[in-house]
Structures are given as structure tokens and as C-alpha cells.
Amino acid sequence: MAINITLPDGSVREYPDGVTGTDVAESIGSRLAKAAVAVKLDGESRDLSRPIESDAAIEIITENTEAGRHIMRHSAAHVMAQAVLDLYPGAKFAIGPPIEDGFYYDFQVEEPFTPDDLDRIEERMAEIISSNQSFERDVVSSSDAEGIFSDQPFKLEIIRGVDESEGVGGSEVSIYRNVDFVDLCRGPHVPSTARLKAVKLLRSAGAYWRGDENNPQLQRIYGTAWESKKELDAYLNRREEAAKRDHRKLGRELDLYSFPQELGSGLAVWHPNGGMLRKVVEDYSRQIHEDYGFVFVNSPHVAKADLWQTSGHLDFYADNMYPGMDLDEGQQYRVKPMNCPFHVLVYKSNARSYRELPLRFSELGAVYRYERSGVLHGLLRVRGLTMDDSHTFCTRDQLPEELAQHLEFVLTLLGEFGFEDFEADLSTRPEDKWVGDLELWEVATESLRSALVAANVPFQVAEGEGAFYGPKIDVHIKDAIGRRWQMSTVQVDFSLPDRFELEFTTPGNDRERPVMIHSAKFGSVERFIGVLVEHYAGAFPGWLSPVQLTIVPVADRHNEYANEVAAVFRAAGLRVEVDETDETVGEKIRRAITQKHPAIAVVGDKDVAANSVGVRMRGDDAERRGLPLGDAVAELTAAFAAPR
RNA sequence: GCCGGGGUAGCUCAGUCGGUAGAGCGACGCACUCGUAAUGCGUAGGUCACGGGUUCGAUUCCCGUCUCCGGCUCCA
């Protein structure tokens, strides 16, 4: 019997029944066969060695693709488990999936792994890899599997909970063996351990079984695997590059902010350079909010506990709030974790008419949230933050248009900060617990969806992941080195207007309840700046740079002219420093470059005589000498102009 | 909060198998007055995170606390 195999280019070849993926790959080319790790048969990933028994479309998965690396890493995880079980008798192994750029495996062992343990495990893995062990697939009944894994409680739990997505069927599971090691696994795997050419263990960490902190904490080992030493080194190099961009490190080097121990965890102080950066960012925020029809409101940092009771925060968010303080004969006050109740009170301060809506309230509001100590991370996760928060109140009819506007707003804002690559999550109504009116949920969700489509933003639907009070969009950006960050949120709220009994008067002189839209564009100013620092590696575009121009006098006698030049640039609106230190020109240039200042102007005898400057732009190796001062001012003011 | 690893000068780090410490950069001073990525010389600066214990003696060993880092968890 012969079967027909369709190749990705559409051509069809005839093979004997039972041909393997390896055979097919070899028939196409020996290089392809060498690079093959698995096949995709009618869209299903399978081992190379599995016989193909009917007509199918085939795709050879090679090791230099993401899908190929995924399989390789999964196999590497198996080898790691094998090594751990060899070295630590009695160890229980749980799950070991591939992840982005690597893999991990969770173990239950007597003692947590130390860095020395990782070295030992890595050595043992190298032995397993060089002994060229085949990965053999087998399908067994669930009850047989329970026998095989009788002393592995986590595997038993998986077998008993198995469903179609984890095994081959409800009553059967697939397992993979190599020599004396066997693991429950859906596969596929590389044909043999020898195909793992570049594996490295990175670190160990505690991790809860099934991600639930009520479950036992296991020891997770993270590793990475690549198709070649070269790719592995490139990856390790990328990690180093990312470390160089770390906003905590750059914050110190560029003198932007610090986290003094005396202050407390998760709390930052901003130095003058960082303060200027904040000012530029906040000024921009105010301007664009104004441009998009928002009005400014303001609110205090504390409020009576009753307010947080009404808003529901004490019911749903109390764990993240600072404890109360007793003031004025037992009156409880709370520090604010969010701005929404205040904006609601502004709404309530007047009887509202449909003529006023939509009302878009905006505030750069400082809020305090008690975050658990282990989650704090530089500026990206803090306990005191400033939200560029807004709350829009509109009618049901206005909702679709408002949501589209809000999305356009955040995309414009992110784009003007240099982020071009967006992705979004659309979170829809939870199944069980939700409030509001079903029809309105539909309208809001569809409006968000069509706004995303219209804005051409790729998005995923997080079905049922929304808050109980309304659907939302989270916008993520991709930074300069490809990392994704969640930034803006547009969140519909059907609950707060109810809780506070908000109303407006309709054209027919009835009372109706407005709908509310929460939106944070930066997320928080702190976090946004942290992401900006990492995105630009501290080399901010001119309009954001705390110092835009450093003026370098060649010798003391040029200081006076340097200051005159500085005054001219400052009058044109630039942020200028004059370096009058007792250093050589080379050293002053080096300092300005190290501080990532976008422009340097050197002034010497010839410039004094000609009313000119020598300009060197960041990133250029060369300078332009003798540029007339007026030309330089015009050029730099244009180059460093803020987007709005 | 949980698991692991750290905390030595402003920064980056070395060091002390228990006898109170050192470099580079930075800062400060002096000289140099210089045309595009480091001028030279000199000086100051440390309760070795904090508290307790062991010891003749603790920065070093032990315990606790704080804090940072990597994860987990959390992120209505």
C-alpha cells in the first residue's frame, strides 16, 4: 500500500505505508533530515520515528525554528529530570515544560538545590546527552501508567486528572522512555539525547505545585537549550544586554532615582535628572489629556473608610490597602490605592445633565498600595505610584464611541513615546460572578473588539478573564529588545455608578445611570519611566532627555562665551548644561557621552571669533565644527521638539 | 508571604582558614588651559547592613531582623 504525502510547497509524493518522518525528511534532503526534530502531520506534532499510516500533509520541524526549539527544550527538560532522579534518589518530579527561551522542571527534594547542585546536574546531563539515548514513545492504559509511576505522586495526580489535551485519550496516556528513565508526556521529542547540542542550567527557585500557594512548594530548575553553541551564546549575550538596560542600574548611573533603605521597600526618591524626566513625561500627559477633551480634577491622599466601603474597595481590595488610621474620635481613614471614588465624588458634586456628557476627568494621582515584599521590583512594581488616571462618565449610547476614542488615545500616546509594536488583551465577562446588564456587556465588549480591529491592533480574547464589573482592554508594547510590557488599560465599569447611585438627567427629563470608563495610559508614571529607561537603554530621545545639550568650553577663557551660548539655547527652550570643570576636552566629551546626553557643543577660540559652535550628536562618531550658532539652535530645537 | 542567593568606601568589586581592611572609578585639593571618548600628583572617605550569641578577640562562626537580587504566588 502506498500513501500520498503532501509537502508544504503543495507537491505530493508517494511513500510506502508506515514510512517515518525521518524517511520523508531524508528523501527530501540529507541536510533537512539532519536538522529535523519532529514532524507536523496534518497540523499535529509527532515524533520523527512514528510510522505514517495514511495520506497526510507533512511539515518537517527543524531545530532552528521556534517550534523545533520548543521540542528540543522539552526533551532537555526530560534529560534534566533524568539527571536529577539519578543524582537525588527519592526525588519526586512534577512537570517540566518548555517556555520562552528555555525550559524548567519542578522537583520535590529533601533539600533545595544549591548552585553546586546545578553544576552536578548539568554534568550528569552532559553524560546522558553524550550517551545518545533514544526517546521511545509508548502508549499505555491509565492503570498501567499508575503502576509505572506508583512512587511518583505528582505523576499520579496528572494521570488521574488526564484529559484529551494532556494525553492521547481519557483512558490512555503516552509515555517516553530513554534507557531507565520514563516520563509521562504528550511529546513529541527529539529522536535522541544526542540531538541536544547546547544546554545550560540557569537558576533554581521555589515554585508551588500547580501554581497554588496552598500546595507544597517544589524546587524549580530553569534551563535553556539551543540548536548550537553559537545560538546559546547569542542568547546568553542577549541576557547580558538586557541586564545592561536594567532601569535600576541605569537609574543610578544616570542619577535619575534611588531606593534609599531608610525610606522603605518599594518607595523611590527622584533625583534632579529623574525629576526632570518625570516633569517632561507628566507635562506631556497633561497636554495630551487636554487635547483629547479631558478636564483636570484633583483629590487628596486619604479618605474616610466609609468611602472605600461604598466603592467596594474594602470588600475586594483591602489586602492591597495600607491599614486604617483613627482620627477625630474613632473616625477611620484610609490611604488611597485608587483615584476612582474621588472622581465619582466630583461627578456627584453637581446634578448632571446629558448635555454635559461625556465627562472625562483626569488626574495624575499618587496612590499607595501594599504589595507583598517579594513582588517589589525597582520602579516596575512599587508601593507608592502615580497614575495618569482618568474616569469618563458617559451615556450607554456614547459608550462605543468613547471606547474607540480611548483606545486611539492610548495608542497615540504610546506611539509618541516611541513604541510602535502593540498587542492587546480583550478580557470578557466572567462566567459566574458579574454585575450589570447583559446587553450592555455585549455592547461594551463588541465596542472594544471593533475598536481594536479598527485600530489594527492584534489582540487575544481572554474569555471570562474580565473583572466582574466590566470588560477591558490591556495594551502591551514590545520594547527595543523584544520584551512585552503591559502598559495601558481601558476598563469599563458597570458597578461603581451603581454603588454611588450616579445619575444624569435625560432629554426626556428622566434620570439615568451613566457608564464609567477607567483608563490609565502609562499604567503608572513610575513604571512607565522604568520601561522607557529599559526601552531606550537610558539614551532617551532628545525631547525626553533631562539634559539635552552639554556645552564644553575648550579652556577656561571660553567659559564666558560658553555661558552666552547656553543662554541662547535656553532661551530657545532647551535644557542645557555647561561643563566648566577643570578637565580636558576629551574628558568632558566622554562624560557627556557616558551620561547619554543627546548633543554636545564644543566652543573654542575660533567659535568665539565666529559666533559658532562645534556640534556632536549622540551616536555620531564625528563632529561638525564651526556651525553658526543660529543654525545650531534651529537644528537642535527642531530635533528635540516634544510631540505636543 | 514562600524558596534560594547576596549586603565590605558614593559606585563596581577584591580580601580576612577569627587578630577591626584594599583597588579602580567617583569626590576633594594643587598643578596643567588643553579642539572632540579618560592630564598628572596628592588628600579625604569604611561601626565590613543592623541586633544578639560563641570567643581573650567577630567584618569573618552561629541565631534573629532589615534589605537587595532571581523565581513562585499575587496583580479586584
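Proteins come first, then strands; the chains are lettered A, B, ... in the order of their sequence lines, and each starts at number 1.
Residue A:Arg203 contributes atom CZ, which lies 12 Å from atom C1' of B:G4 at whole-angstrom precision. Atom CZ of A:Arg252 is separated from atom C1' of B:G7 by 13 Å (rounded to the nearest Å). Residue A:Tyr257 contributes atom OH, which lies 15 Å from atom P of B:C68 at whole-angstrom precision.
Taking the six-membered ring for Trp and thresholds of 30 and 60 degrees, A:Phe113 and A:Tyr88 have ring planes more than 60 degrees apart, a perpendicular arrangement.
OP1 or OP2 of B:U67 lies within a sub-4.0 Å distance of a side-chain N or O belonging to A:Ser265. A:Arg557 has a side-chain polar atom (N or O) that falls below the 4.0 Å cut-off from OP1 or OP2 of B:C34. Here A:His377 reaches the OP1 or OP2 of B:G70: one of its side-chain N or O atoms lies under 4.0 Å away.
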Polar pairs (N or O, both sides) under 3.5 Å between protein and nucleotides 72-76 of chain B?
from: B:C72; atom 1: O4'; to: A:Gly206; atom 2: O; distance (Å): 3.0
from: B:C72; atom 1: O2'; to: A:Tyr208; atom 2: N; distance (Å): 2.9
from: B:C72; atom 1: N4; to: A:Gly374; atom 2: O; distance (Å): 3.4
from: B:U73; atom 1: O2'; to: A:Glu213; atom 2: OE2; distance (Å): 2.6
from: B:U73; atom 1: O2; to: A:Arg372; atom 2: NH2; distance (Å): 3.0
from: B:C74; atom 1: O2; to: A:Arg381; atom 2: NH2; distance (Å): 3.2
from: B:A76; atom 1: N7; to: A:Tyr469; atom 2: OH; distance (Å): 3.2

Are there any protein N/O atoms within less than 3.5 Å of an N/O atom in nucleotides 62-64 of chain B, and if so, which ones and at what distance?
none

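Sorted by first then second residue, the salt bridge (charged side-chain N to carboxylate O under 4.0 Å, His left out) pairs that include residues 213-225 of chain A, not counting sequence neighbours, are A:Asp106-A:Arg220, A:Glu213-A:Arg372. Each salt bridge (charged side-chain N to carboxylate O under 4.0 Å, His left out) pair with one or both residues in residues 591-608 of chain A, not counting sequence neighbours, appears once here: A:Arg557-A:Asp605, A:Glu583-A:Arg591, A:Glu587-A:Arg591. Screening residues 250-260 of chain A for side-chain hydrogen bond (donor to acceptor under 3.5 Å, both in side chains) gives A:Lys249-A:Glu253, A:Asp255-A:His271, A:Ser258-A:His271 as the qualifying pairs, with residues at least two apart or on separate chains.
For the ring pair (Phe, Tyr, Trp, His ring centres under 6.0 Å) test, residues two or more places apart in sequence or in another chain that qualify with A:Phe468 are A:Phe316. Not counting sequence neighbours, the partners of A:His535 by the ring pair (Phe, Tyr, Trp, His ring centres under 6.0 Å) test are A:Phe419. The ring pair (Phe, Tyr, Trp, His ring centres under 6.0 Å) check on A:His597 picks up nothing, with sequence neighbours excluded. With sequence neighbours left out, the ring pair (Phe, Tyr, Trp, His ring centres under 6.0 Å) criterion links A:Phe361 to A:Phe393.
Of all heavy-atom pairs spanning A:Ala205 and A:Tyr222, the tightest one is CB-CE1, 4.5 Å.
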* For nucleotides 35-50 of chain B, read 5' to 3', which letter fits each nucleotide if B means a protein heavy atom sits under 4.0 Å from the base, S means only the sugar-phosphate is that close, and - means neither? -> BBBBB-----------
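RNA chain B contains the following stems of three or more consecutive Watson-Crick or G-U pairs, with both distances under 3.5 Å: B:1-7 with B:66-72, B:10-13 with B:22-25, B:27-31 with B:39-43, B:49-53 with B:61-65.
Residues from residues 234-251 of chain A with heavy atoms under 4.0 angstrom of RNA chain B, sorted by number: A:Arg248.
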